[in-house]
Amino acid sequence: MSSVAITDPNPEDTSLSEIFVQIAEGYQNGQDTLELIGINPNITSSWNPVEGLLTLTGPATFAEFDNAIENVVFYTTQTVFTQDRQFSINLGDANYLPSTGHYYFYVSEPGISWTEARDAAAQQTYFGLQGYLATLTTLEESQLAGEQSAGTGWIGGSDAEIEGTWKWVTGPEAGTVFWQGNANGSAPNNEFAFWNYNEPNNVGNEDYAHITDPSIGVLGAWNDLANSGDLDVNNPYHPQGYIVEYGGMPNEPDISLSASTTLIMPRVLDNDIAVCGADTFALTAEASTSEVWWFETSTSMTPIHVGLNYDVNINSTTTYWLLPVVPGCTTNTERYPLTITINAIPSVNNITISQCEDDVMDGISNFNLSTYNDVIVNGDLNNLDVNFFETLDLSNPLDNDSYTNLTNNQVVYAHILNTITDCGAIAEVLLSVNTNVSSYTVLNECDNLNEMGLVSFDLTLAESQILNSLASDVVVLGYYETHSDALLQENQLNSSFTNTEPYNQIIFARLEQNGSCYSIAEVNLNVQHLPNLLEDETVFYCTNTFPDTISLNGGIVDDVPNNFYYNWSTGETTMTIEVNAPGTYTVEVTKPFGCTNMRTITVLPSDTATFETIDVTDLSDNNTISVVVSGDGDYVYALDDENGIYQDSNSFENVPAGIHSVYVKDIKADCGIVSTDVVVLGFQKFFTPNGDTVNDTWQIKGFSLELSENVRIEIFNRYGKLVGLINSSNPKWDGSLNGELLPTDDYWFTATLPDGRTFRGHFSLKR
């Protein structure tokens, strides 16, 4: 158990009669126990398994109880954990719940009505805290009050005001609706409710909430009863008492009767996965601890990874063994397996099935697709189903043995599925009917400055290349984005066309001869890359270094700069230029017989700082210095050490008295450091004029030599008598008056400062 220290402001109170240690949250009755071990004079213990409560009984001193609490150990037979354990240590006999900070007390009073219990709870106090009939708003509260209390009892819920509208009518939650309707109702606004099976049912006008007897339904759950409950003392619905809650009411005292600690119960959730194909996987361990060790085997000693997340390339089925780690706990050795099953993806090929035109020159033919299964699939066809579909979404199946294509160069899709692992792959199958072959044509254009690979092409420029060496009666009818569009003469492109696929796209020209389709020619639209330049950038020029210059360069990447032409916005044509003024500079970079790219370099000013104002707050418990500077730079600040740690704030706090140097450094362009001296005044809160040379005199510190000439400080005893004077000729006071040592006491002073301020204060003389 964690260590505690019991204290009492009354020095005469040094002992207690008893202390209570409880498993307040996550308690597993029948599996969890608390036990007092070791040597504990004057203290005995008793364990209440119903409440999860260990009582330490004295009387004994605070120190003996402190030691006994450290000797309390927690045992559990649970091996699969779902909750952490939270323990409370209480000086009072009420149960304490750390998650709410409230106290709970079960009062046994068989036969008491709900209204009597409400009034009785309101009359009770606990170390100054106002009691009220318990309002259970969390599962932890319900567990502590219901499962870990001494019996069943009334709680502060009622629907007496509006039938079916259950409210908390006591405590700080009074007026909050936590349930609407009967057993099939719901909790509004995510409120908490813990009704038993088929409750509430309003049998016989039942308007008051009660924790059900343990013999009925869910342990600790609620039911609704009439105000008096069942009058038969042997009936499980006969009231046995009520639960009082303390805490959360306005204007109540701050008491410290309890402490709490949490024991993390290590666990990892089962999250085995099966995937198709080797890859790099982002594995996540769902654990109760913030640290998890990953092992290759259940017995290996050295973890291969530490953390909740593990990015790892897995080529075959692999099991990792996960150990949730609680810092400081060395006894946990339970490892949890996490298996990643890698199922192979069928290896397939995209293929083209070429077939000659049939008697009808329409680009349509009949294909036997199933004869190509062994070409599409690499390896054995065992356990693999191969089926063909007209669309990529596999929504329209085809006849594998006899399929007539819809258009020439139609793409259909072969779906290859492993019937054991359900891992599949899709191969594209191009159905091509041979036609006349035309020349392959290329159009080249330089990329735009936005370098997206999308530019406008004049498609008419391709015509001379396409028709080269063809008969004079062959003409280009039009251009199309797809082969199918060219065959069907659909969606003809304008002669000015911007490619839709970056950098390289093939479009199709439909050629006709004597009014009939002659062939479909490919036109490769090639977007040429611009010279590869560094990104536009911003650089800084220290204006305090003028007329020194900085160099700007054209920024060629992955090539020889001499291979290019340069044209700067300054009119210069060299690879680099020298500048000493802020501004925006551009350079056009052109490869001979090639494309031109542009780069922009923005030169911004920076400078060393100029001090504008210095504000000093001194002669206080927290002396401060604030400086205000101007300049084009970005500045950080340091005190008394030019090479020390700099801060973003321009203010320094808790500055000791004395003369200090403030340093201001430019970090935008590292333009330099400037400094100034600042005087901070302060005085001692006490001094000890006992002749040991340590703290033997009292003075106001921080004056520069010039300032001290104008200082006058008068010192008075508690009766207002002038007992000392400090000025330029007498800078310190030794605690005497006319050679006589003054006694230990508080003394007051009035200081007239050089800047016109008058300051009053006091200090102590100690002997």
Side-chain angles (χ1 to χ4, degrees), residues 1-4 21 23-35 37-38 52 69-89 98-99 139-140 143 259-345 347 418 420-423:
M1 185 64 67
S2 298
S3 62
V4 298
V21 182
I23 308 174
E25 297 183 31
Y27 174 57
Q28 301 297 311
N29 193 349
Q31 294 180 298
D32 294 352
T33 57
L34 293 175
E35 181 178 335
I37 64 172
I69 291 171
E70 293 187 33
N71 287 339
V72 173
V73 294
F74 166 73
Y75 297 98
T76 185
T77 59
Q78 188 179 38
T79 58
V80 179
F81 300 103
T82 59
Q83 287 181 278
D84 298 327
R85 306 293 193 268
Q86 196 154 38
F87 304 87
S88 64
I89 305 166
S99 62
L139 183 62
E140 291 79 13
Q143 181 184 30
S260 65
T261 186
T262 299
L263 180 61
I264 301 297
M265 310 307 291
R267 57 194 182 275
V268 173
L269 302 182
D270 181 11
N271 51 0
D272 289 349
I273 60 175
V275 296
C276 294
D279 203 345
T280 296
F281 298 94
L283 305 180
T284 298
E286 298 183 28
S288 64
T289 60
S290 60
E291 185 173 326
V292 171
W293 292 1
W294 302 64
F295 293 88
E296 287 184 329
T297 69
S298 61
T299 58
S300 55
M301 301 301 295
T302 303
I304 59 175
H305 182 70
V306 174
L308 293 177
N309 300 311
Y310 186 20
D311 293 340
V312 60
N313 185 277
I314 304 176
N315 296 313
S316 59
T317 296
T318 304
T319 297
Y320 298 98
W321 293 85
L322 278 55
L323 174 66
V325 176
V326 178
C329 180
T330 59
T331 60
N332 175 40
T333 58
E334 183 70 24
R335 299 184 186 182
Y336 297 78
L338 170 61
T339 299
I340 297 88
T341 301
I342 304 296
N343 294 315
I345 298 174
S347 176
N418 187 307
I420 297 176
T421 65
D422 280 335
C423 289

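One is the number of the first residue; the rest follow in order along the sequence.
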Spacing of [X] atom [atom1] and [Y] atom [atom2] [to the nearest 0.5 Å]:
X: Leu323; Y: Glu291; atom1: CG; atom2: CD; result: 9.0 Å
X: Leu322; Y: Ser298; atom1: CG; atom2: OG; result: 12.5 Å
X: Ile23; Y: Glu25; atom1: CD1; atom2: CD; result: 12.0 Å
X: Asp279; Y: Ile340; atom1: CG; atom2: CD1; result: 13.0 Å
X: Ile314; Y: Thr280; atom1: CD1; atom2: OG1; result: 8.5 Å
X: Thr261; Y: Ile89; atom1: OG1; atom2: CD1; result: 7.5 Å

- For Glu296, look at atom CD and say whether over 12 heavy atoms of other residues, nucleotides or ligands are found less than 6.0 Å away.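 Counting other residues, nucleotides and ligands, CD of Glu296 stays at 12 neighbours or fewer.
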Quick check: closest heavy atoms across [X] and [Y], and the distance to 0.1 Å?
X: Ala278; Y: Asn315; answer: CB-CA, 3.5 Å
X: Thr297; Y: Trp321; answer: C-CD1, 3.2 Å
X: Ile342; Y: Val275; answer: CD1-CG2, 3.3 Å
X: Pro98; Y: Phe87; answer: CG-O, 4.2 Å

- Query: With a cut-off of under 6.0 Å to the ring centre and 45° to the axis, is Arg335 in cation-pi contact with Phe295?
  - Reply: yes
- Please work out whether the ring planes of Trp294 and His305 are parallel, tilted or perpendicular, with thresholds of 30° and 60°.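 Ring orientation of Trp294 relative to His305: perpendicular.
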- Short question: side chain of Thr319, backbone of Leu338 - any donor-acceptor pair under 3.5 Å?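 Here the side-chain-to-backbone pair does not exist.
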- Taking atom types as modelled, is there a side-chain donor on Gln86 or Ser99 under 3.5 Å from an acceptor on the other? no
- Query: Do Tyr320 and Val292 have side-chain heavy atoms sitting under 4.5 Å apart?
  - Reply: no
- Any Gln28 side-chain heavy atom under 4.5 Å of Thr76 side chain: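 No, their side chains stay 4.5 Å or more apart.
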